[in-house]
Amino acid sequence: MKLLEHEGKEIFEKYNIPISKRLGIVKMGEDAKFIKLPEGKCIIKAQVLAGGRGKAGGVKLAKTKDEAYEIIENMLGMEIATHQTHGKTLTVKEVLVEEAANIAREIYVSIVMDRKEAAPMIVASAEGGTSIEELAKTKPELIIKMPVDINIGLQNFQARELAFALDIPAKIFRDFTILVKNLAELFKDYDASLVEINPLIITAEEKLIALDSKIVIDDNALFRHKDLQAKEDHESSEIEKEAKKIGINYIGLDGNIGCMVNGAGLAMATLDTVKLAGGNAANFLDVGGGANVEQITKAFQIILKDEKVKAVLVNIFGGIMKCDDIANGIVQATKKIKLDVPLIVRLEGTRVKEGKQILLDSGIKIEQADSLWEAAQKAVQSI
Ligand code: GDP
Ligand code: MN
């Protein structure tokens, strides 16, 4: 789960990581005038889940109060495309308004889970800001990496080493070491897979401020974080949210072949095979090991909510469940929902012969396949 900048900053505050003074948040449909702004400068920031907002017009400095209100109004509802939105756009539904900071230096600090080290890894650079990706490509030697022992946390000597490497001025040297240790603690406490401050600035007044925040929480650990469970998952589509409510593991994709599979591994293999056959899956869907009629019906309903779906491919391995039970489930479910797109079914496993016969006898137009490859090809041809 990705947190919006202002949500991340609320967590930063809990960990004594300094942030700019918040002047307010305005959501779409709200009147900006309800937040009181100072006469002077302030910064207005689009709250979307993508980096690169600055370069895409999602971060704007207002010199006066009136200018600020005007910027807020224009920014709300704006469509933002950055290098991280992969050709799509994100609608700005809320903006964060903060006191503007006077930037003297921009530093990059983040912590990511590093698979090779099997540990959190601090990634930092003295040259932070909006061109960090460019820097990583052209001058990778300027990127500092330091693993953190998950049990001990970031140690003092490490924090000092990092401060030296980033050329942190003496006056705020200690503040920096405390900040980065707090950041490592936050990373662990919140089961994050990423926390990033870009830029962490040194102001003209020689103070440290986390000017931006990016936090990604491991979804599998969300049950441990009651404060986050209540939050809206900004990245999920309506269909995904609905699927989650009824306990179906569904992720929407760009294609038009709806896929119903049992088991996450088989589901991924199915997506690959569809692609190999020249098609594109509309979704990832794992109905689970013990899929019954009710679950299969729900899964069909979820898949068909996506209007892009032009065919449904069912790929189920009868292991825990027997193929004849699954076939009965498919027959009942398709009758119930009045399926009106081609249905391709590949069953394999226990009592597969009986299962296939049930599908044949049902009178429903079902294209059966003996292998996943055949099923994928038939699904692609059916469109
Ligand atoms: P991102 O582009 O999505 O990463 O958005 P950021 O929040 O990092 O903002 C982008 C850039 O806007 C920063 O690197 C800063 O240079 C600038 N910026 C953000 N906040 C302020 C501020 O309070 N004052 C000034 N002068 N610039 C800011
Ligand atoms: Mn940033």
Side-chain angles (χ1 to χ4, degrees), residues 1-13 19-101 103 129-131 133 194 196-199 210-217 228 230-245 251-254 282 305-308:
M1 176 169 162
K2 288 184 188 167
L3 302 185
L4 290 170
E5 175 189 2
H6 76 82
E7 295 171 329
K9 283 182 170 173
E10 279 159 26
I11 298 178
F12 281 180
E13 261 191 310
I19 53 172
S20 292
K21 187 174 173 208
R22 179 185 292 187
L23 300 170
I25 286 174
V26 190
K27 295 194 171 151
M28 216 145 86
E30 284 177 355
D31 185 0
K33 294 270 161 44
F34 88 101
I35 58 165
K36 290 266 167 293
L37 294 179
E39 292 300 331
K41 285 192 298 182
C42 68
I43 193 107
I44 296 123
K45 310 183 81 179
Q47 298 300 286
V48 290
L49 291 175
R53 296 166 304 165
K55 286 184 174 167
V59 178
K60 290 225 155 91
L61 184 79
K63 288 183 209 73
T64 64
K65 195 161 106 174
D66 290 337
E67 195 186 346
Y69 287 127
E70 199 184 313
I71 292 173
I72 296 170
E73 215 129 281
N74 290 336
M75 202 179 278
L76 282 168
M78 185 173 117
E79 294 289 323
I80 280 203
T82 82
H83 64 280
Q84 290 188 6
T85 56
H86 309 292
K88 290 185 190 161
T89 62
L90 296 170
T91 310
V92 180
K93 293 184 183 142
E94 50 188 310
V95 297
L96 168 67
V97 190
E98 287 182 336
E99 236 170 39
I103 305 175
T130 52
S131 299
E133 281 105 340
L194 168 77
E196 182 189 83
I197 309 178
N198 185 34
L211 218 52
D212 191 5
S213 111
K214 189 175 278 179
I215 299 183
V216 183
I217 310 286
L228 297 179
K231 280 195 195 304
E232 189 190 337
D233 184 348
H234 304 283
E235 232 181 1
S236 295
S237 67
E238 287 309 312
I239 306 177
E240 285 167 353
K241 282 181 200 162
E242 218 173 306
K244 201 170 180 180
K245 260 188 231 153
I251 296 163
L253 300 169
D254 293 335
K305 270 191 202 302
D306 179 355
E307 285 168 3
K308 298 194 304 295

*Separation between CD of Glu196 and NZ of Lys214, rounded to the nearest 0.5 Å*: 5.0 Å
*Hey, does the side chain of Ser213 reach the backbone of Glu5 with a donor-acceptor pair shorter than 3.5 angstrom?*
yes
*asked:* With a 4.0 Å cut-off on N to O distance, would you call Lys241 and Glu238 a salt bridge?
replied: yes
*asked:* Taking Gln47's backbone N and O only, do any of them form a donor-acceptor pair with Lys93's side chain (distance below 3.5 Å, no angle check)?
replied: no
*Rounded distance (nearest 0.5 Å) linking atom CG of Asp212 with atom NZ of Lys45*: 4.5 Å
*asked:* Quick one about Glu94 and His6 (side-chain donor to acceptor, distance below 3.5 Å, no hydrogens or angles considered), yes or no?
replied: yes
*In Å and rounded to the nearest 0.5 Å, what is the NZ to NZ distance from Lys33 to Lys65?*
9.0 Å
*For Lys244 and Glu240, what are the C-alpha separation, side-chain angles and deciding distance, and is it a salt bridge (charged side-chain N to carboxylate O under 4.0 Å, His left out)?*
CA-CA 6 Å; Lys244 201 170 180 180; Glu240 285 167 353; over 6 Å; no
*Does Gly51 offer a backbone N or O that forms a donor-acceptor pair with the side chain of Thr82 under 3.5 Å?*
yes
_Leu23, Ile43, Ile25 screened by side-chain contact (heavy atoms from CB on, under 4.5 Å) with Glu98, the one that passes_ = Ile43
*asked:* Check Arg22 with Glu10, please: is the shortest side-chain N to carboxylate O separation under 4.0 Å?
replied: yes
*For Ala50 and Thr85, work out which heavy atoms get closest and say how close.*
CB-CG2, 3.7 Å
*Passes side-chain contact (heavy atoms from CB on, under 4.5 Å), Ile215 versus Glu7? Steps please.*
CA-CA 9 Å; Ile215 299 183; Glu7 295 171 329; over 6 Å; no
_Could you check whether Lys308 pairs with Asp306 (Lys NZ or Arg NE/NH1/NH2 to Asp/Glu carboxylate O, under 4.0 Å)?_
yes
